[in-house]
**Q** 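Supplied in structure tokens, the structure appears directly below.
Numbers for residues simply follow the sequence, beginning at 1. None of these values were measured; they are calculated from a predicted model. Quick note: numbers below take in every heavy atom, side chains included, and nothing from hydrogens, waters or symmetry partners.
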Amino acid sequence: MATARVSAAALAGPGRLRVEVGGCAVLLALVDGVPHAVADGCPHRGTSLADGVVRDGVVTCPAHLWQFDLRSGARHDTRGEGLARYEVSVVGDELEVTVPDGPPARSLREVLLAHARGEE
């Protein structure tokens, strides 16, 4: 597992922040004053969601307008692949994000081949 700490004040202004935790891009966002952490990469093409519009706890991908609920990571606009969620703890005036060790990331080629074989 990898953890990273971020000042809560850094998140207060923009309401969202992209952080790296153990080599994993994470979107840290406030929803109704509660911090949430999800994978910062749209499953469609990997576009960073940190620059997307956030409204009512939903982030919209700036590239293709897919929407994700920041509280659950679920696809908001339709059924489909959601975002991985990560644990966030408040430690004093900092937020601690924990990302579990996972399988190595697959290349785009591996993803496309699996899709062509009907495995996904």
Side-chain angles (χ1 to χ4, degrees):
M1 270 198 248
T3 60
R5 286 193 179 183
V6 177
S7 167
L11 186 60
R16 65 183 176 273
L17 185 66
R18 183 178 195 267
V19 296
E20 292 285 328
V21 182
C24 182
V26 175
L27 175 62
L28 187 58
L30 289 176
V31 178
D32 298 326
V34 177
H36 296 275
V38 295
D40 183 31
C42 180
H44 181 214
R45 296 259 173 111
T47 302
S48 173
L49 300 171
D51 293 326
V53 174
V54 176
R55 190 170 293 130
D56 298 326
V58 174
V59 63
T60 301
C61 175
H64 298 98
L65 307 179
W66 285 20
Q67 296 181 317
F68 302 92
D69 189 310
L70 291 166
R71 295 164 289 240
S72 66
R75 188 80 192 269
H76 186 263
D77 49 342
T78 183
R79 289 186 181 181
E81 186 177 353
L83 304 171
R85 292 181 56 234
Y86 306 115
E87 181 181 336
V88 181
S89 304
V90 178
V91 181
D93 62 347
E94 293 183 321
L95 301 173
E96 184 175 83
V97 181
T98 303
V99 175
D101 294 332
R106 295 186 304 168
S107 70
L108 179 58
R109 180 180 184 277
E110 291 170 319
V111 170
L112 291 174
L113 286 172
H115 181 72
R117 289 190 296 259
E119 296 171 359
E120 295 186 349

**Q** What pairs with Thr60 under side-chain hydrogen bond (donor to acceptor under 3.5 Å, both in side chains), at least two apart in sequence or on another chain?
**A**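 Counting only residues at least two positions away or on another chain, Thr60 forms a side-chain hydrogen bond (donor to acceptor under 3.5 Å, both in side chains) with Gln67.
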
**Q** Take Cys42 and Leu49 through the test side-chain contact (heavy atoms from CB on, under 4.5 Å) and record every step on the way to the result.
**A** CA-CA 7 Å; Cys42 180; Leu49 300 171; 4.0 Å; yes

**Q** Could you work out, with side chain to side chain contact (heavy atoms under 4.5 Å, CB included) as the rule, every residue matching Ala12, not counting sequence neighbours?
**A**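 Ala12: no side chain to side chain contact (heavy atoms under 4.5 Å, CB included) contacts found.
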
**Q** Can you list the residues that meet the side chain to side chain contact (heavy atoms under 4.5 Å, CB included) rule with Leu30, with sequence neighbours excluded?
**A**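 Applying side chain to side chain contact (heavy atoms under 4.5 Å, CB included) to Leu30 gives Leu11, Pro35.
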
**Q** Does anything in residues 74-95 pair up under ring-ring contact (aromatic ring centres under 6.0 Å, His included), and if so which pairs, sequence neighbours excluded?
**A**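 Every candidate ring-ring contact (aromatic ring centres under 6.0 Å, His included) pair involving residues 74-95 fails, so no pair, neighbours aside, qualifies.
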
**Q** Taking only residues at least two apart or on different chains, which pairs with a member in residues 11-59 satisfy ring-ring contact (aromatic ring centres under 6.0 Å, His included)?
**A**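 Counting only pairs at least two positions apart or across chains, the ring-ring contact (aromatic ring centres under 6.0 Å, His included) contacts touching residues 11-59 are His44-His64, His44-Trp66.
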
**Q** Please list all pairs passing the salt bridge (charged side-chain N to carboxylate O under 4.0 Å, His left out) test where one or both residues lie in residues 45-70, with sequence neighbours left out.
**A**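 As it turns out, the salt bridge (charged side-chain N to carboxylate O under 4.0 Å, His left out) pairs with a partner in residues 45-70, which skip direct neighbours, are Asp69-Arg71.
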
**Q** With sequence neighbours left out, write down each residue that passes side chain to side chain contact (heavy atoms under 4.5 Å, CB included) with Ala2, or none if nothing qualifies.
**A**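 For Ala2 the side chain to side chain contact (heavy atoms under 4.5 Å, CB included) partners, ignoring immediate neighbours, are Val21.
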
**Q** Quick check: do Leu70 and Val58 have side-chain heavy atoms less than 4.5 Å from each other?
**A**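 They are not in contact (no side-chain heavy atoms under 4.5 Å apart), so the answer is no.
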
**Q** Starting from the C-alpha separation in whole Å, work towards a yes-or-no answer on side-chain contact (heavy atoms from CB on, under 4.5 Å) for Val38 and Val26.
**A** CA-CA 6 Å; Val38 295; Val26 175; over 6 Å; no

**Q** Checking one residue: Val34. Which other hydrophobic residues are in its cluster under the side-chain 4.5 Å linking rule?
**A**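 When side chains under 4.5 Å apart are linked, Val34 ends up in no cluster with other residues.
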
**Q** With a cutoff of under 4.5 Å between side-chain heavy atoms, which Ile, Leu, Val, Met, Phe, Trp and Tyr residues group with Leu65?
**A**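 Reading the cluster by chain and number, Leu65 sits alone, since nothing else belongs.
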
**Q** Sort and list the pairs that fulfil salt bridge (charged side-chain N to carboxylate O under 4.0 Å, His left out) and have at least one residue in residues 86-95, not counting sequence neighbours.
**A**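 For residues 86-95: Arg5-Glu94.
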
**Q** Pairs in or reaching into residues 11-26: which pass side-chain hydrogen bond (donor to acceptor under 3.5 Å, both in side chains), with residues at least two apart or in two chains?
**A**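 Passing the test, one end in residues 11-26: Arg18-Glu20, Arg18-Asp40.
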
**Q** Please list all pairs meeting ring-ring contact (aromatic ring centres under 6.0 Å, His included) that have one or both residues in residues 1-32, counting only residues at least two apart or in different chains.
**A**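 Passing the test, one end in residues 1-32: no pairs.
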
